[in-house]
Amino acid sequence: MFGCLVAGRLVQTAAQQVAEDKFVFDLPDYESINHVVVFMLGTIPFPEGMGGSVYFSYPDSNGMPVWQLLGFVTNGKPSAIFKISGLKSGEGSQHPFGAMNIVRTPSVAQIGISVELLDSMAQQTPVGNAAVSSVDSFTQMTPSPSEMFIPANVVLKWYENFQRRLAQNPLFWKT
């Protein structure tokens, strides 16, 4: 039903179901993770009027889980990117995973998804610094005076000329 993605790692699609309406993904070596993507696989939609609250859990200094609400996924918004790098020192919030006996390892964090009513999800407030900026990354590009940018059509024209000359004389580049 859900997937979880961390940059540089394999996609996780086999969530551990810890209750009828609760799922968790393990995040080993969580200290090196900046962002996590949670998404619906598209195979099973939420029932009408339901969605998924997404939580992040990491072990505190005593090894106890600290859960923080990141946000939501719904049929209308089937994926979300969350910044978790600044959450590892924050305080926990109210969560539905408290009574679960979930096997934990000290260096492993978890993403929890709780299937809940949309009305109750609308009353919850995610931690403020988990949301990823909605500004397009291309608008944030600022050229540096020491860098040169080459238009894509110039590179394409060079490549086409290179292919043409290579087809005419495979050894042209040696002269």
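Phe46 has its ring centre less than 6.0 Å from the ring centre of Phe2.
Looking at residues two or more places apart in sequence or on another chain, you find no ring pair (Phe, Tyr, Trp, His ring centres under 6.0 Å) involving Phe72. Residues that satisfy the side-chain hydrogen bond (donor to acceptor under 3.5 Å, both in side chains) test with Arg9, not counting sequence neighbours, are Ser32. The ring pair (Phe, Tyr, Trp, His ring centres under 6.0 Å) test applied to Phe162 returns Trp158, Phe172, not counting sequence neighbours.
Minimum interatomic distance between Lys77 and Ala80 (heavy atoms only, all atoms of both residues): NZ-CB, 3.3 Å. Heavy-atom minimum distance, Met40 versus Pro45: CE-CA, 3.9 Å. Closest approach of Met121 and Thr74 over heavy atoms only: CE-CG2, 4.0 Å. Considering all non-hydrogen atoms of both residues, Ile33 and Asp29 come closest at CG1-O, 4.1 Å. Considering every non-hydrogen atom in both Ser57 and Pro65, the closest pair reads OG-CB, 3.5 Å.
Counting only distance, with no hydrogens or angles, the side chain of Gln12 and the backbone of Ala15 share no donor-acceptor pair below 3.5 Å. Checking side-chain atoms of Gln110 against main-chain N and O of Gly112 turns up no donor-acceptor pair under 3.5 Å. In this structure, the side chain of Asp26 does not engage the main chain of Pro28 through any donor-acceptor pair within 3.5 Å.
Taken to the nearest 0.5 Å, the CD atom of Gln123 stands 11.0 Å off from the CD atom of Glu116. To the nearest 0.5 Å, atom NZ of residue Lys22 and atom OH of residue Tyr55 are 8.5 Å apart. Interatomic distance, CG of Leu27 versus OH of Tyr58, reported as 14.0 Å (0.5 Å rounding). Taken from NE2 in His35 to CG in Leu5, the straight-line distance is 12.5 Å, to the nearest 0.5 Å. Of the inter-residue distances, the one linking Ile113 atom CD1 with Leu70 atom CG reads 10.0 Å to the nearest 0.5 angstrom. Separation of atoms CG (Asn75) and CG (Leu118) is listed at 8.0 Å; rounding is to 0.5 Å.
In this structure, the side chains of Val36 and Cys4 come closer than 4.5 Å at one or more pairs of heavy atoms. Taking 4.5 Å as the limit, every side-chain heavy atom of Val73 sits out of range of all side-chain heavy atoms of Pro78. Put simply, the side chain of Phe39 reaches to within 4.5 Å of the side chain of Val11, judged on heavy atoms. Counting heavy atoms from C-beta outward, Tyr30 and Pro59 have side chains that approach closer than 4.5 Å. Here the side chains of Val24 and Ile111 are not in contact, with every heavy-atom distance at 4.5 Å or above. In this structure the side chain of Lys157 never reaches within 4.5 angstrom of the side chain of Asn153, judged on heavy atoms.
Atom CG of Leu156 is surrounded by more than 12 heavy atoms from other residues, nucleotides or ligands within 6.0 Å. Within a 6.0 Å radius of CD in Glu48, other residues, nucleotides and ligands contribute 12 heavy atoms or fewer.
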*CA sep, side-chain torsions, deciding dist, call: Leu41, Thr13, side chain to side chain contact (heavy atoms under 4.5 Å, CB included)*: CA-CA 8 Å; Leu41 296 176; Thr13 57; 3.7 Å; yes
Give the C-alpha distance, both sets of side-chain angles, the deciding distance and a yes or no for side chain to side chain contact (heavy atoms under 4.5 Å, CB included) between Leu117 and Met50. CA-CA 4 Å; Leu117 290 170; Met50 303 291 278; 3.4 Å; yes
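Residues Phe23 and Ile44 are members of one and the same hydrophobic cluster, defined by side-chain heavy-atom contacts under 4.5 angstrom among Ile, Leu, Val, Met, Phe, Trp and Tyr.
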